[in-house]
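These values consider heavy atoms only, across backbone and side chains, with no hydrogens, waters or symmetry-generated copies. Predicted model, so just to flag it, every value in this text is computed and none were measured.
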Amino acid sequence: MLLHWSLASALMLPSVAVVNPQSEDPAADLRTKANLILDRSEALSRIWPGYWPEEQGFVLYDPTHGAVLVGADGQPRNITYRAGKLPGADRAFAFDYPAGTPNMMMVQVGDNWRTTVATLFHEQFHDFQRDAFDRTDWKHGGEFVDLTAISDRAAFTAAAELERRVLADAILAETAAQSTSLTRQYIALRRIRERTVEETIVGKERYLERSEGTAQYIGLKASSIVLGDDANSVAGALADGLRRNLFANAKGSYSGNWFRARAYDVGGALALLLDRSTANWEARIEAGEPLDAVLESILGAMDISEQERIAAAARIDYGADQILADTIAALAVAPKTIESIADFMQLGSRHLILKISLPRERLAEGQQFSSTKEMIGVGRSATAFLNVTDFQLEKPGIKLGVQGLSIMTEMSPVVPDEPVTMVYTVSLGEDIELPELDQLSRGDHVMDTIDLSVPGLTLSIEQPATVTVAEDRITLATSIGS
């Protein structure tokens, strides 16, 4: 399975103090945690039809002691403890952990039990989405946002911020009538904003809300069940997320904050409103309908004049002029982040570029993993990972590791019966030397194997590669056979 994942953006939760169930016996502690989930199996099975059956297995792993595997022996409620390091569990979570039972999610148990539980159910829901969700909107996937499709970034951002505030009040409203009125305001504001941008922007928002928003809702709802929260806890957590200052993440990119980060709680809030409003809404989302479109169909469509009338009242109530002024000021002082491939190439004085050509049918072999606070789509098939904590690539005969540097990944268009080229560009500072490669003259060279290990960068290629040396880059080209 080929995974592209940023742990920093995989799950977004408010900071909440949580008392962890603990004991002096690590095995007993993990068993207690597992039983908290098992004891609520029936309620958890009703979160989303078909998603979490009562016999669902899972793995809780404490890297300092060991792991409990639930259902790994084929018996749904059986808990097996394994002391020591768990093979293949060196990341915060892993899909389809090979423990003898299908769809086993492995999650590392951290200091915050709420976050651990939410991560387990959030990520397992992504696994469920791959099988159950229609994929038509996947054409809008990936991290890249074409910001040229937004003619006025300040007006777009201020409008999106106003929507978030209205939506937060809608899910916290004391009465159903108040919630409906606020939700209609939200839909009206959103439709007006959507008419100012290109369809690619609308599609990107809806895709992220359907993917990350539903997973956010499921993770919060499941954790509230496991921890025994009151009935309003999910709405409160989502409202906190909707009211979070998206400019406060100074290192985040505009697209990362105002598309991906925004989508978690916007999509989660829309899912919550649907859950309150109608039955069997999940089937419509699985079939490919956007969350906001399903909600609008339940409320009843509005013509443009009604949208304008309702939106005008919301702008007055929420101080739209001040929101716009604040947005203009925030954009003016926001740190510049990269938004294009050309921007990335300016980060370093030179680059190491790895090109891998392989058959289309072998694309899924190996794995790719990233842990970074800044993952930015800079092209339709290119993603920049800035100052990564850890980036690992494994393909047959090839291993690449990056720490503390920036790397950009690209993939050529997939054409039937033609190889696919994957490109990994590492930005290097002047102080980074590459033994053996730096000794080569300008031009092309063939090396049987390559083994690099320098601070921040390791690379092993156990097959012939063509090395092309230029003034500001060294390119390594290799291939994987069919």
- prompt: Does the side chain of Q463 come under 3.5 Å of the side chain of T478 through a donor N or O and an acceptor N or O?
  reply: yes
task: Answer with yes or no after comparing the ring centroid distance for F259 and F156 against a 6.0 Å cut-off, counting only values under it.
output: yes
- prompt: Do S357 and P419 have side-chain heavy atoms sitting under 4.5 Å apart?
  reply: yes
More than 12 heavy atoms from other groups under 6.0 Å of CZ on R380: no
- prompt: Step by step, would you call R350 with R473 a side-chain contact (heavy atoms from CB on, under 4.5 Å)?
  reply: CA-CA 5 Å; R350 66 171 183 160; R473 68 194 63 189; 5.8 Å; no
query: Any side-chain heavy atom of H351 within less than 4.5 Å of one from D472?
result: no
field: Nearest-0.5 Å distance that lies between atom CG in L386 and atom CG in L405
entry: 11.5 Å
query: Are any non-hydrogen side-chain atoms of V378 and M408 less than 4.5 angstrom apart?
result: yes
- prompt: Between R164 (side chain) and A160 (backbone), is there a donor-acceptor pair under 3.5 Å?
  reply: no
- request: For the pair Q129 (side chain) and S211 (backbone), establish whether a donor and an acceptor sit closer than 3.5 Å, ignoring hydrogens and angles.
  value: yes
Side-chain donor-acceptor pair present, Q368, Y424, cut-off under 3.5 Å: yes
statement: CE (M345) and OG (S340) are apart, to the nearest 0.5 Å, by 11.0 Å
- request: Using salt bridge (charged side-chain N to carboxylate O under 4.0 Å, His left out) as the criterion, list what pairs up with D134, not counting sequence neighbours.
  value: none
Nearest heavy atoms of T372 and M375, plus distance in Å: CG2-CB, 4.2 Å
message: Is it the case that the side chain of S45 and the backbone of E54 share a donor-acceptor pair, with hydrogens and angles ignored and the cut-off at 3.5 Å?
response: no
- prompt: Is any side-chain heavy atom of H65 less than 4.5 Å from a side-chain heavy atom of L30?
  reply: no
query: Among K33, Q108, R31, whose side-chain contact (heavy atoms from CB on, under 4.5 Å) with L60 holds?
result: K33
message: Working note: T409 + M422, criterion side-chain contact (heavy atoms from CB on, under 4.5 Å); need CA distance, chi angles, decisive distance, verdict.
response: CA-CA 7 Å; T409 67; M422 303 180 72; over 6 Å; no
query: Just by modelled atom types, is the I285 backbone N or O under 3.5 Å from a matching donor or acceptor in the R210 side chain?
result: yes
R191 with E296: basic N within carboxylate O range, under 4.0 Å: yes
- prompt: What pairs of residues pass the salt bridge (charged side-chain N to carboxylate O under 4.0 Å, His left out) test when at least one of them lies in residues 56-72, not counting sequence neighbours?
  reply: none
field: Exercise: identify the closest heavy-atom pair between P87 and Y97
entry: O-OH, 2.5 Å
- request: Answer yes or no: does atom CD of E361 have more than 12 heavy-atom neighbours from other residues, nucleotides or ligands under 6.0 Å?
  value: yes
- prompt: Y61 side chain to V68 main-chain N or O, any donor-acceptor pair under 3.5 Å?
  reply: no
task: May I ask you to decide if I450's main-chain N or O and E436's side chain share a donor-acceptor pair within less than 3.5 Å?
output: no
- prompt: Are K204 and E212 ion-paired here, with the side-chain N under 4.0 Å from a carboxylate O?
  reply: no
message: Cation-pi check for W138 against R135: NZ or CZ below 6.0 Å from the six-membered ring centre and within 45 degrees of the axis, yes or no?
response: yes
- prompt: Any idea which heavy atoms bring V402 and V388 closest together, and the distance?
  reply: O-CG2, 3.4 Å
field: Residues R244 and D240 bridged, charged N to O under 4.0 Å
entry: no
query: Just by modelled atom types, is the A271 backbone N or O under 3.5 Å from a matching donor or acceptor in the D275 side chain?
result: no
message: Quick check on R284: does its CZ atom have over 12 non-hydrogen neighbours (other residues, nucleotides or ligands) under 6.0 Å away?
response: yes
Pair D390-S371, side-chain donor/acceptor within less than 3.5 Å: no
Nearest atoms (heavy-atom pairs only) where R114 meets S223: O-CB, 4.2 Å
message: Please determine whether side-chain contact (heavy atoms from CB on, under 4.5 Å) holds for the pair Y264 and L208, giving the CA-CA distance in whole Å, both sets of side-chain angles, and the decisive distance to 0.1 Å.
response: CA-CA 8 Å; Y264 280 73; L208 288 170; over 6 Å; no
field: Side-chain ion pair, R260 and E143, N-O less than 4.0 Å
entry: yes
query: Just checking, is any N or O donor in the side chain of T157 or Y254 under 3.5 Å from an acceptor N or O on the other one?
result: yes
statement: Heavy-atom nearest pair, E374 first then T337, reads OE1-CG2, 4.5 Å
- prompt: Is M106 close to F58 at the side-chain level, that is, under 4.5 Å between some pair of heavy atoms?
  reply: no
- prompt: If every non-hydrogen atom of G401 is compared with every non-hydrogen atom of Q392, which pair is closest and at what distance?
  reply: CA-OE1, 3.8 Å
message: Which label fits Y51 and F128: parallel for a plane angle under 30°, tilted from 30 to 60°, or perpendicular past 60°?
response: perpendicular
message: Is it the case that the side chains of E205 and H140 hold a donor-acceptor pair, with the cut-off being a distance below 3.5 Å and no angle test?
response: no
query: Are D265 and Q216 close enough that a side-chain donor and a side-chain acceptor fall under 3.5 Å?
result: yes
message: Given 3.5 Å as the limit, does a donor-acceptor pair link the side chain of S381 with the main chain of M411, or not?
response: yes
task: Run the salt-bridge test on R206 and D292 with the 4.0 Å N-O cut-off and return the result as yes or no.
output: yes
message: Other residues, nucleotides and ligands only: do more than 12 of their heavy atoms fall within 6.0 Å of CG on D438?
response: yes
message: For a side-chain contact (heavy atoms from CB on, under 4.5 Å) check, start with the C-alpha distance between L291 and L295, then their side-chain angles and the critical distance, and finish with the verdict.
response: CA-CA 6 Å; L291 290 158; L295 187 59; over 6 Å; no
statement: When rounded to the nearest 0.5 Å, the distance separating CG of D127 from CG of N103 is 5.0 Å
- request: For the pair R46 and E282, find out whether any cationic side-chain nitrogen is under 4.0 Å from an anionic carboxylate oxygen.
  value: no
- prompt: Ring centroid separation for W48 and F121, is it under 6.0 angstrom?
  reply: no
field: Side-chain heavy atoms of H122 within contact of T119, under 4.5 Å
entry: no
field: Side-chain donor or acceptor of S412 paired with backbone N/O of T421 under 3.5 Å
entry: yes
message: Measuring only between side-chain heavy atoms, which start at C-beta, is D96 closer than 4.5 Å to M104?
response: no
- request: Give a yes or no answer on whether the side chain of K395 reaches the backbone of E365 with a donor-acceptor pair at less than 3.5 Å.
  value: yes
message: Are I398 and I480 packed together at the side-chain level, in the sense that at least one heavy-atom pair is separated by less than 4.5 angstrom?
response: yes
